[in-house]
Amino acid sequence: MAVTDKTADPAPAAAGTSRRPRRRRTFGGRNLAFWYFVGPFLLGLIIFTYIPVGWSAYLSLFDARNTVTPTSDDFVGFDNYVTMLTNADFRRSLITFSVFAAIIVPITFASSLGLALAVNKVRIMRAFFRSVFFLPFACSYVVASLVWKMSIFAGVRYGMANTVLGWFGIENIPWLFGNDPPWFWLVIATLRLWIQCGFYMILFIAALQQIPEHLYEAAYVDGAKPGWQTFWHITLPQLRASSVAVLMLVLIAAYQAFDEFWNLLPNSGNVPYARTPLIYLFHTSLGTSQDLGRGSAGALILALLIAIVTLLQGKILGFGKPEGR
Amino acid sequence: MVASRNNRRSQQAFAKFMLDRRRMLALGGMTAGAGALAACGGNTGREETGDGVSLSQWYHEYGEAGTQEAAKGYAADYTDANVTVEWIPGDYDAALASGLLTDDGPDVFESHLNRGMVEAGQIVPLDDIIADVIDDIPEGDLIRNTIDGTVYGINMIDDPQYIVYRPSLFEAAGITAPPTTFDELIAIAAELTTSDVKGIDFGAAGGTDRLGQHMINSLGLSFIGSDMQAGFNDPRMAEGAELVKQLNDSSSLLLGAPTDWWDPSSMIQGLCAMSWTGLWTMPALIENLGDDIGIFPCPGFVGGTPTVYNGGWATFVNANSAHVDEAKAFTKWLWVDNKEAILDWCLSYGFHIPSRLSLRAEADQLTSGPAAEAVAISEEFGWADNPDWTPAMNTAVNDMLSNIAIEGNDPEAELAKAVETVNSELDGIFG
């Protein structure tokens, strides 16, 4: 990709001087095409992302309950931010998220890379294997949650997991209740892995296919053995950009954890030991509570955290640097 | 008890919906409709016609077959306005909250009263339309719909919540009477527990999402005291919480059942001998278990009285409606004057108690068997929501119980924390 960019860039600049007048006569020409393609997306981004974010920032400065248009009487400055940051429940939700991220990010990374390497090695029925592993990504978290909750991890004797454990004389386990031991992490982590690994596998497969074969051939000539040695010294460094991108996407997805917690855990996920930030914010500002001021403040704090972590991660791991350097 | 009510609203509807095979085919269309509604903040389907105004009326999705047709039937019978019924599946609270923020909200809708709705100017007083029948409305239903002396809502149905049990299993275990104290409940639950049947189902959260509220009422305390501070700062609360922990630590709780407490499946499938439930499950229980059901109120904590939570739904008029007067007239016609419709709504589809004392005596279905018992305990031991009690305060009490019963934290410290959270919420509202 880097190569095509370099050759493409100088061309318009060089040709520009002679062609520019003609382009103007065709009413915008390339500019118009640019807006045709980017416009709708940009419009959607402004309406559905930037305006709500801005509005949230505005609401976060008010005591806005049951209203999105607070009056100046309700202005409270940064009180909502102070309330949220000093709120033990909100802070605990950030810890819950951290536990979740610590479990899900490395496992997703390792399993999707492993899957990609395995599927890439397969010589027969490649399309089949790729589709099979990618397919769960098309399933909604809600539907998957119901399957996990009602059949695989039902806490009663006829739940699948309990039936299997029963063969070995192990007592029924209420998988989704309580946190001693926190079995719910097993349910939640397996569900998310099942859904998202296939998607990141596809990203890794695409990146694997970009690695030039001659690098491996050169390594073999120099005496490297196929397997761990080439993986460590060639494959992994060549996957650097994709790895950073995957890590970042998995982490952001973990921050946004909502669906499976809502659908799997008791009381719509509103339990103190496993409340994720989004579940907490939902219960603060949507549904019957409608405390939109504090909810907005919390959402912005969360957005800021995601931005900081993402930037740091990019800085440390080198996001956007060319592959293999 | 806001949390359990939340559960019931969306999830009970969903479960019943799934059970009802005739409506399975509609699932796709309904879900798409829910998405569209959520996106637009509700399509009122309101059309201005020449004669008479058009009103839109919102309901959450009731699970019982025939309810939607009934609601539409009442609206069609009304001649002074053209009323369109909107049946909102899914997260009704979120759809309603966003609907009320726009000009396209409903004119008449069902909900539960909270102070936020009044302070945001979303609903109008209804004192004048209930003036004639005010003595016929149960006191609890008036209190829960009143803020600062003004009545804003009219209860359409009362849904008491209590514990249902199988008398045959009691008999087999040599238990002669249902428990009246929580200690007795713990003992009986342990006795009834076998390798296949658990003693009691308190729901997916093991009762931590409701027993705190029952404890407050059982001990004669209040959610909010007259000094506008938490009314339950009492050491007996910590003792009561220890009892819930004791129950959680025993192996007599049914946990991890595929369906939550609002669905009678666990009871019907014989997974438990007792279960927390509400009046709406009565028809299904009678159909499947016949005579083998009995009910009793939530037993008392630490010397307190038994309790029954009176849930239900109330109807309101949107203050931002273009036709407030017409909407009030319709509300009066349907939920105050139209006794036939009120009785039909309460008794023809599921089992609910009419929120009118005179109608309770008229309803044959409510004068015998377990249903009559439900009416009796609801009147004797019932408590209802306090409109000043916010979901945040409710969560504080749930968290307290969860932290004590499930995580084994210090009861006194957790009680202090819950009191502090509730007080700071109250200071934010009244301070």
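So you know, we letter chains A, B, ... as the sequences are listed, proteins then strands, and number each from 1. If you're wondering where the values come from, they're calculated on a predicted model, not measured in any experiment.
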Contact origin within A:Asn87 toward chain B - heavy atom pairs under 4.5 Å: neither
For atom CZ of B:Phe430, is the number of surrounding heavy atoms from other residues, nucleotides or ligands below 6.0 Å larger than 12? yes
A:Phe75, CZ: over 12 other non-hydrogen atoms inside 6.0 angstrom: yes
Less than 4.5 Å apart, any side-chain heavy atom of A:Phe177 and any of B:Leu254? no
Out of A:Trp175, A:Tyr273, A:Phe153, which one racks up the most heavy-atom pairs below 4.5 Å with chain B? A:Tyr273
Check each atom of B:Leu96 against the heavy atoms of chain A and say whether the ones under 4.5 Å are side chain, backbone, both or neither. neither
Residues B:Ala257 and A:Val156: closest non-hydrogen pair is CA-CG1, 3.9 Å
Taking all non-hydrogen atoms of both residues into account, name the closest pair between A:Gly178 and B:Ile406 and its distance. CA-CG2, 3.6 Å
State, with a plain yes or no, whether a side-chain heavy atom of A:Pro266 is found less than 4.5 Å away from one of B:Asp209. no
Using heavy-atom distances under 4.5 Å, tell me whether B:Asp196 contacts chain A through its side chain, its backbone, both, or neither. both
Can you tell me how far the CG atom of A:Asp89 sits from the NZ atom of B:Lys417, to the nearest 0.5 Å? 6.5 Å
Counting heavy-atom pairs under 4.5 Å with chain A, which one of B:Ala396, B:Ser266, B:Ser251, B:Gly116 comes out on top? B:Gly116
Would you sort out whether B:Asp260 and A:Asn267 count as a side-chain contact (heavy atoms from CB on, under 4.5 Å), showing the intermediate values? CA-CA 9 Å; B:Asp260 209 348; A:Asn267 208 7; over 6 Å; no
Starting at CZ of A:Arg65, measure out to OG1 of B:Thr390 and round the result to the nearest 0.5 Å. 7.0 Å
Set out, in order, the CA-CA distance, both residues' side-chain angles and the distance that settles side-chain contact (heavy atoms from CB on, under 4.5 Å) for A:Tyr158 and B:Leu271, then state yes or no. CA-CA 11 Å; A:Tyr158 52 72; B:Leu271 294 173; 3.8 Å; yes
Looking at B:Ala205, B:Gly428, B:Gly121, which has the largest count of heavy-atom pairs under 4.5 Å with chain A? B:Ala205
Are there over 12 heavy-atom neighbours, none belonging to B:Glu407, within less than 6.0 Å of that residue's CD? yes
Identify which part of B:Leu253 has an atom lying under 4.5 Å from any heavy atom of chain A, answering side chain, backbone, both or neither. neither
B:Glu119 vs A:Asn66, test: side-chain contact (heavy atoms from CB on, under 4.5 Å). Steps then yes/no. CA-CA 8 Å; B:Glu119 300 213 324; A:Asn66 289 58; over 6 Å; no
Given the options A:Arg157, A:Met150, A:Gln290, which has more heavy-atom pairs under 4.5 Å with chain B than any of the others? A:Arg157
Result of checking B:Asn394, B:Asp399, B:Thr395 against A:Asn270 for side-chain hydrogen bond (donor to acceptor under 3.5 Å, both in side chains): B:Thr395
May I ask you to name which of B:Leu101, B:Leu255, B:Asn248 has the most heavy-atom pairs under 4.5 Å with chain A? B:Leu255
Considering only heavy atoms, which portion of B:Asn114 lies under 4.5 Å from any heavy atom of chain A: side chain, backbone, both, or neither? side chain
